[in-house]
Amino acid sequence: MTVRVIVPLVYKRNLNYLPNAMKRYWLLKSEPSGFSIDDLKAEPNRTAHWDGVRNYQARNYLRDEITKGDEVFFYHSKVDPPRVVGSCVVTRAGYPDHTAFDPRDKHHDPKSDPTNPRWFMVDIKLKKIFKNPVDLATLKTTPGLEKMVLTQKGSRLSVQPVTENEWRIVHALAGEKT
DNA sequence: GCCAACGTTGGC
DNA sequence: GCCAACGTTGGC
């Protein structure tokens with residue numbers, strides 16, 4: 001009898017190398033005029049790839065940190081009021097953003113090529129559209145969210161980490177269960 | 001639509 | 001490697 005043991009050899013995360021490593025939390029910004037949470041809802045299997053990020057810090061999170069099973073807030077920017085509108089789960093960890101290779105694409109980047117991709121994306125699946133979205137002004141005045149990346153002055157990172165406590169507080173503000 | 005805050009580029 | 005100029009983000 002042959003017993004096969006499949007051992008994952010490489011984990012994307014340097015620090016959390018156990019299979020049951022605690023999941024982490026993130027926030028993704030999108031202008032709803034381009035891609036809204038309702039657009040995500042309309043996608044097959046309510047799942048989409050998060051393409052078009054062209055900022056190195058955000059890219060590093062997408063490529064190196066965010067992994068399957070992590071949870072993310074969906075945030076609508078450039079609307080009044082800007083607000084957290086729902087939550088999603090990551091269904092695929094970082095992989096090359098193919099839109100960078102396409103000369104006809106809005107986000108084309110000739111410096112990224114398939115043999116050495118510069119930009120990455122993840123897949124997310126819609127979990128919940130909040131009945132009561134949480135607007136930025138509320139986040140900025142809520143105790144416990146003083147250090148949240150989103151509430152910092154001048155913060156414009158479109159992919160950002162969220163602590164577990166921030167995750168809980170924002171859900172409480174939305175009247176949602178975590 | 002304005003513009004402050006950021007991030008990137010490129011001359012030197 | 002500095003930093004001025006430029007481009008972008010995103011609240012307001």
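Sequence lines set the chain letters: A, B, ... in the order given, protein chains first and strands last, and positions in each chain run from 1.
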Enquirer: For a quick test of reading the model, state the closest non-hydrogen atom pair linking Leu126(A) to Cys88(A) and the distance between them.
Expert: CA-SG, 4.1 Å
Enquirer: Kindly list each side-chain donor-acceptor pair under 3.5 angstrom involving residues 170-178 of chain A, sequence neighbours excluded, with atom names and distances?
Expert:
{"from": "His171(A)", "atom 1": "ND1", "to": "Trp167(A)", "atom 2": "O", "distance (Å)": "2.9"}
{"from": "Glu176(A)", "atom 1": "OE1", "to": "Lys128(A)", "atom 2": "NZ", "distance (Å)": "2.6"}
{"from": "Glu176(A)", "atom 1": "OE2", "to": "Lys128(A)", "atom 2": "NZ", "distance (Å)": "3.4"}
{"from": "Glu176(A)", "atom 1": "OE2", "to": "Lys131(A)", "atom 2": "N", "distance (Å)": "3.4"}

Enquirer: Check Ile169(A) against Gly144(A) and note the closest heavy-atom contact, atom names and distance.
Expert: CD1-CA, 3.9 Å
Enquirer: Return no unless some side-chain N or O of Tyr75(A) is found under 4.0 Å from OP1 or OP2 of dG11(C).
Expert: yes
Enquirer: Would you say Lys153(A) reaches dT9(C)'s phosphate, i.e. side-chain N/O to OP1/OP2 under 4.0 Å?
Expert: no
Enquirer: Rounding to a whole Å, what distance do you find between Gln57(A):CD and dT8(B):C1'?
Expert: 14 Å
Enquirer: In residues 99-114 of chain A, which residues come under 4.0 Å of DNA chain C by heavy atom?
Expert: none
Enquirer: Roughly, in whole Å, what's the span from OH in Tyr56(A) to C1' in dT8(C)?
Expert: 15 Å
Enquirer: In whole angstrom, give the distance that lies between atom CD of Gln152(A) and atom C1' of dG10(C).
Expert: 16 Å
Enquirer: Would Arg92(A) and Tyr95(A) count as a cation-pi pair here, with the cationic atom under 6.0 angstrom from the ring centre and within 45° of the axis?
Expert: yes
Enquirer: Are Leu157(A) and Tyr75(A) connected into the same hydrophobic cluster when the rule is that any two of I, L, V, M, F, W, Y join if their side-chain heavy atoms are below 4.5 Å apart?
Expert: no
Enquirer: Rounded to whole Å, please give me the gap between CG in Leu136(A) and C1' in dG10(C).
Expert: 10 Å
Enquirer: Using whole Å, report how far CZ of Phe35(A) lies from P of dG10(C).
Expert: 16 Å
Enquirer: Who passes salt bridge (Lys or Arg N to Asp or Glu O under 4.0 Å) against Glu71(A), sequence neighbours left out?
Expert: Lys23(A), Lys127(A)
Enquirer: Over how many whole Å does the gap from Lys29(A) atom NZ to dT9(C) atom P extend?
Expert: 11 Å
Enquirer: What side chain to side chain donor-acceptor pair (under 3.5 Å) pairs are there with at least one residue in residues 43-55 of chain A, not counting sequence neighbours?
Expert: Asn45(A)-Lys125(A), Arg54(A)-Asp97(A), Arg54(A)-Thr99(A)
Enquirer: Tell me yes or no: between the side chains of Asp39(A) and Ser36(A), is some donor less than 3.5 Å from an acceptor?
Expert: yes
Enquirer: Using the 3.5 Å cut-off, write out each protein N or O paired with an N or O of nucleotides 1-7 of chain C and the distance between them.
Expert:
{"from": "dG7(C)", "atom 1": "N2", "to": "Arg156(A)", "atom 2": "NH2", "distance (Å)": "3.4"}

Enquirer: Please list, one pair per line, the donor and acceptor atoms closer than 3.5 Å that link side chains of residues 115-122 of chain A to other protein atoms, with sequence neighbours excluded.
Expert:
{"from": "Thr115(A)", "atom 1": "OG1", "to": "Asp113(A)", "atom 2": "OD1", "distance (Å)": "2.4"}
{"from": "Arg118(A)", "atom 1": "NH1", "to": "Tyr56(A)", "atom 2": "OH", "distance (Å)": "2.9"}
{"from": "Trp119(A)", "atom 1": "NE1", "to": "Asp109(A)", "atom 2": "OD2", "distance (Å)": "2.7"}

